[in-house]
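Notes follow once the structure below has been shown.
Keep in mind the model is a prediction, meaning the values are calculated, not measured. We use all heavy atoms of the structure for the numbers below, so side chains are in, but hydrogens, waters and symmetry mates are not.
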Amino acid sequence: QLQLVQSGGGLVQPGGSLRLSCTAYGFTLDYYAIGWFRQAPGKEREGVSCISSTGVKTDYAGSVKGRFTLFRDNAKNTVYLEMNSLKPEDTAVYYCASDVNPHSDSCSRDSRRYESWGQGTQVTVSS
């Protein structure tokens, strides 16, 4: 069964850090571009970041650029979203997703490009 399993998240104070993980089971994650998305209550889903299948290309939303870093560990079949200098407005449920097409040399923060989704993980930034 093909699935993405997320871990990490939780409650952190403003200015703190968290690392989210997205591990693939049943398929080789490094064949696919990966996107991270978030959705806060009452707001639309936002594309936070993405990384190409090779890991060479990344893209970040302006709201997280310079604070979030997305990287791959192919040996672990896992993609990580490192989040630093967290702000209350980063509070949301975060989702990872894999591209519908393998071996893409680019990535997109458009959710329509993604097929398989993780279960979501809550990130709360509050003092």
Tell me, which pairs form a salt bridge (charged side-chain N to carboxylate O under 4.0 Å, His left out) where one or both residues lie in [range], sequence neighbours left out?
range	value
residues 94-108	K57-D105, D99-R113
residues 32-42	R38-E46, R38-D90
residues 20-29	none

(Q) I'd like to know if the side chain of S49 and the backbone of D59 have a donor-acceptor N/O pair within less than 3.5 Å. (A)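 At least one qualifying donor-acceptor pair exists.
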Q: Without swapping roles, check the side chain of Y60 against the backbone of L70 for a donor-acceptor pair under 3.5 Å.
A: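 Answer holds: yes.
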Residues which pass side-chain contact (heavy atoms from CB on, under 4.5 Å) with [X], listed by chain and number, not counting sequence neighbours:
X	answer
E89	K87
T124	L11, T91, Q122, S126
S127	P14
A40	K43, A92

Find out if a path of hydrophobic residues (ILVMFWY) with successive side-chain heavy-atom gaps under 4.5 Å connects [X] to [Y].
X	Y	answer
L86	V48	yes
L2	V79	yes
V125	W36	yes

With rounding to the nearest 0.5 Å, note down the distance linking [atom1] in [X] to [atom2] in [Y].
X	Y	atom1	atom2	result
I34	I51	CD1	CD1	9.0 Å
R72	T58	CZ	OG1	11.5 Å
D73	D30	CG	CG	10.0 Å
Y94	Q6	OH	CD	11.5 Å

Closest approach of [X] and [Y], non-hydrogen atoms and distance?
X	Y	value
S106	A33	O-CB, 3.6 Å
V123	M83	CG2-CE, 3.9 Å
S111	R45	OG-NH2, 3.5 Å
S116	L4	O-CD1, 3.3 Å
G9	T121	CA-OG1, 4.0 Å

Q.
S52: which residues meet the side chain to side chain donor-acceptor pair (under 3.5 Å) condition with it, sequence neighbours left out?
A.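 If we apply the side chain to side chain donor-acceptor pair (under 3.5 Å) test to S52, skipping adjacent residues, the hits are T54.
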Q. With D110, which residues qualify under side chain to side chain donor-acceptor pair (under 3.5 Å), at least two apart?
A.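 Only R112 meet the side chain to side chain donor-acceptor pair (under 3.5 Å) criterion with D110.
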Q) Please, which pairs that meet ring-ring contact (aromatic ring centres under 6.0 Å, His included) have at least one residue in residues 103-127, sequence neighbours excluded? A)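 Pairs touching residues 103-127 that pass the test: Y31-H103, F37-Y114, F37-W117.
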Table please: side-chain donor-acceptor pairs of residues 17-28 below 3.5 Å, with sequence neighbours left out.
{"unit_1": "S17", "atom_1": "OG", "unit_2": "N84", "atom_2": "OD1", "d": "2.8"}
{"unit_1": "R19", "atom_1": "NE", "unit_2": "E82", "atom_2": "OE1", "d": "2.5"}
{"unit_1": "R19", "atom_1": "NH2", "unit_2": "E82", "atom_2": "OE1", "d": "3.0"}
{"unit_1": "T23", "atom_1": "OG1", "unit_2": "T78", "atom_2": "OG1", "d": "2.8"}

Q) For Y80, what are the other residues in its hydrophobic cluster, where any two members join if their side-chain heavy atoms are less than 4.5 angstrom apart? A)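 Same cluster as Y80: F71.
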